[in-house]
Amino acid sequence: MFPWVLLEFLLFCFATNYGVEASHEVYTSLQSLSAVNVKQVYRTGFHFHLEKNWINDPNGPLYYKGFYHLFYQYNPEGAVWRNIVWGHSVSKDLINWKKLEPAIFPSKTFDKYGCWSGSATVLPGNKPIILYTGVVDENITEVQNYAVPADYSDPYLRKWIKPDNNPLIVADESMNTTAFRDPTTAWLGQDGRWKILVGGRRKHRGIVFLYRSRDFMNWVKAKHPLHSCANTGNWECPDFFPVSLHGTNGLDTSSLMEENKIKHVLKVSLDETRYDYYTLGTYFPQKDRYIPDKNMVDGLRGLRYDYGDFYASKSFFDPIKKRRIMWAWANESDTVCDDLRKGWAGIQTIPRTILIDPNGRQLLQWPVEELETLRREKVELREKKLKKGEHVEVKGITAAQADVEVTFSFHCLDKAEKYDSSWDEHDAQKLCSQKGSTVQGGVGPFGLLTLASHDLKEYTPVFFRIFKANSKHVVLMCSDESSSSLEEGLYKPSFAGFVDVDLTDKKLSLRSLIDHSVVESFGAGGKTCITSRVYPTLAIYENAHLHAFTNGTATIIIEKLDAWSMKSSRIMLICMHSTTALKPSE
Ligand code: DQQ
């Protein structure tokens, strides 16, 4: 194979630059070139990724007999999207992982061309079952299949069986068979029927089809989809779950408390933009209809889980700590050639707990508490004033692998810049690209310069800028990749979102998880989240620096900054075969 494949690799790399992974792009012969000249600089220390090869969507997370199980779309043969199987890893704490053999892989007529995304449901009697999309032919005809554990006494759930009565669900004549995928976790209605959603589209209308079953084997499509929206394109990886309006516990997917005690979340991944959008609304179980709340917007102009590199998220209910946890795929934003050179591609975000904001208008996301077990050396800053143009370096931690929590405060908002009503309130990213961290403002820009080189030729600033609109203040949060790397030809967007926050106490908080090639940030306690994948060439390892800064005329106070070096998580990358299995008590 050698000379031809190498030639093809070189031609490919010189001829093309694919900044963003296109949907289901197939690189037929390049896959075997993984791990050529492996570059380790961008390996993450505590974000889940594999030693080599490609991963994308998180699939079917679940808790079983002492272990959290994470499955993911995985190419066992290369660093590009192809040969997709369900990779499988287990953890006792959501942070340290052991890789197992793939759980589900193409082998039958009903999934010969691919085992695509899906979800797990734990049936009564503690019996997990997986629903996933099988691709049955070269035309990408999609069907919905199931798999069950071969041995329920194995807490690792190593072997999965795909029974012969698959597929369970095929599209009817009215449906588009190539846009019919990614079944959700099922919920059990009071009518004794299980319900699931499958994503898709009719022409350009995004749809979540609803199916019902009494026995989990025979599924009937409901006359009406649960929800749909014109001009939003294909809906992938839907997720539908309740959130409690009272208290801080997450809810099981089947929880149906009285209407005034819960809201439902419908999340869809829009194939056209490759971002995850959600609405909050009311689910009417008798009619199986979902109506988004009055101010919610479906599609491109709606709320996003994360305003950066974040797609195909999936949540599950953790019955042990009574919380809802969500994962997402943070895609590379370097080139396919870079991925082939480094030999691996794709990480999972840090798992986040999801709660509804007490204001009822949005969700709050926060890294799972277990992440804090990786915190090591700590540095603190208290009541440190920053005047216009000032930086303060946060020294004494490993700035390339760190967890930073900071609360900024300001005396008043008089100096806030005027918000121009002609700006598109749904295009925060455009505003951030015009008003970056070096563009002087009134209150802000202020925040952190992460992964900064000593001469500030490279840095990824994560910051706020406060504007004064007619009757309110508008807070912009940016994670700007435009100066993140000296390498040319990379995709370096100025990711941004607005923050719906009450500024009465004149404070804004920010948490950033910095991990070599990823900066995952949580603004105002998780109201607005932005994940950036970045590839610094100078700001690597001990040459990476961290600063707090302001570049506005108003003085900003770092009221409290705590930063920690982060220990690497143990991700046992090599496949754990049955003979080397560790005991569940370990
Ligand atoms: N990825 C899977 C599909 C899903 C898409 C294929 C979303 O099932 O729709 O790898 O990234």
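First listed ligand is number 1; within each ligand, the first listed atom is number 1. For the numbers below, each heavy atom of this structure counts, side chains included, while hydrogens, waters and symmetry mates do not.
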Quick one: do Ile196 and Ile169 satisfy side chain to side chain contact (heavy atoms under 4.5 Å, CB included)? Show the steps, please. CA-CA 11 Å; Ile196 56 162; Ile169 305 175; 3.8 Å; yes

Have Glu481 and Ser532 got a donor and an acceptor in their side chains that come within less than 3.5 Å?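 Their side chains do contain a donor-acceptor pair, which is all the 3.5 Å distance test asks for.
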
Indicate whether the side chain of Gln40 and that of His516 have a donor and an acceptor atom separated by less than 3.5 Å. no

Distance under 6.0 Å and angle within 45° of the ring axis: does Arg511 meet both against Trp366? yes

Quick check on contacts: which atoms of ligand 1 are under 4.0 angstrom from a heavy atom of [X]?
X: Tyr311; result: 7 (C), 11 (O)
X: Ser117; result: 2 (C), 8 (O)
X: Gln73; result: 2 (C), 6 (C), 10 (O)
X: Asp182; result: 3 (C), 4 (C), 8 (O), 9 (O)
X: Asp57; result: 1 (N), 2 (C), 3 (C), 4 (C), 5 (C), 7 (C), 11 (O)

Asn56 near ligand 1, heavy-atom distance under 4.0 Å?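 Judged by the 4.0 Å heavy-atom criterion, Asn56 does count as contacting ligand 1.
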
If you look at every heavy atom in His88 and Leu157, which pair is closest and at what distance? CE1-O, 3.3 Å

Is there a nitrogen or oxygen of Glu236 sitting under 3.5 Å from a nitrogen or oxygen of ligand 1? yes

Can you tell whether the side chains of Glu51 and Lys99 come within less than 4.0 Å, N to carboxylate O? no

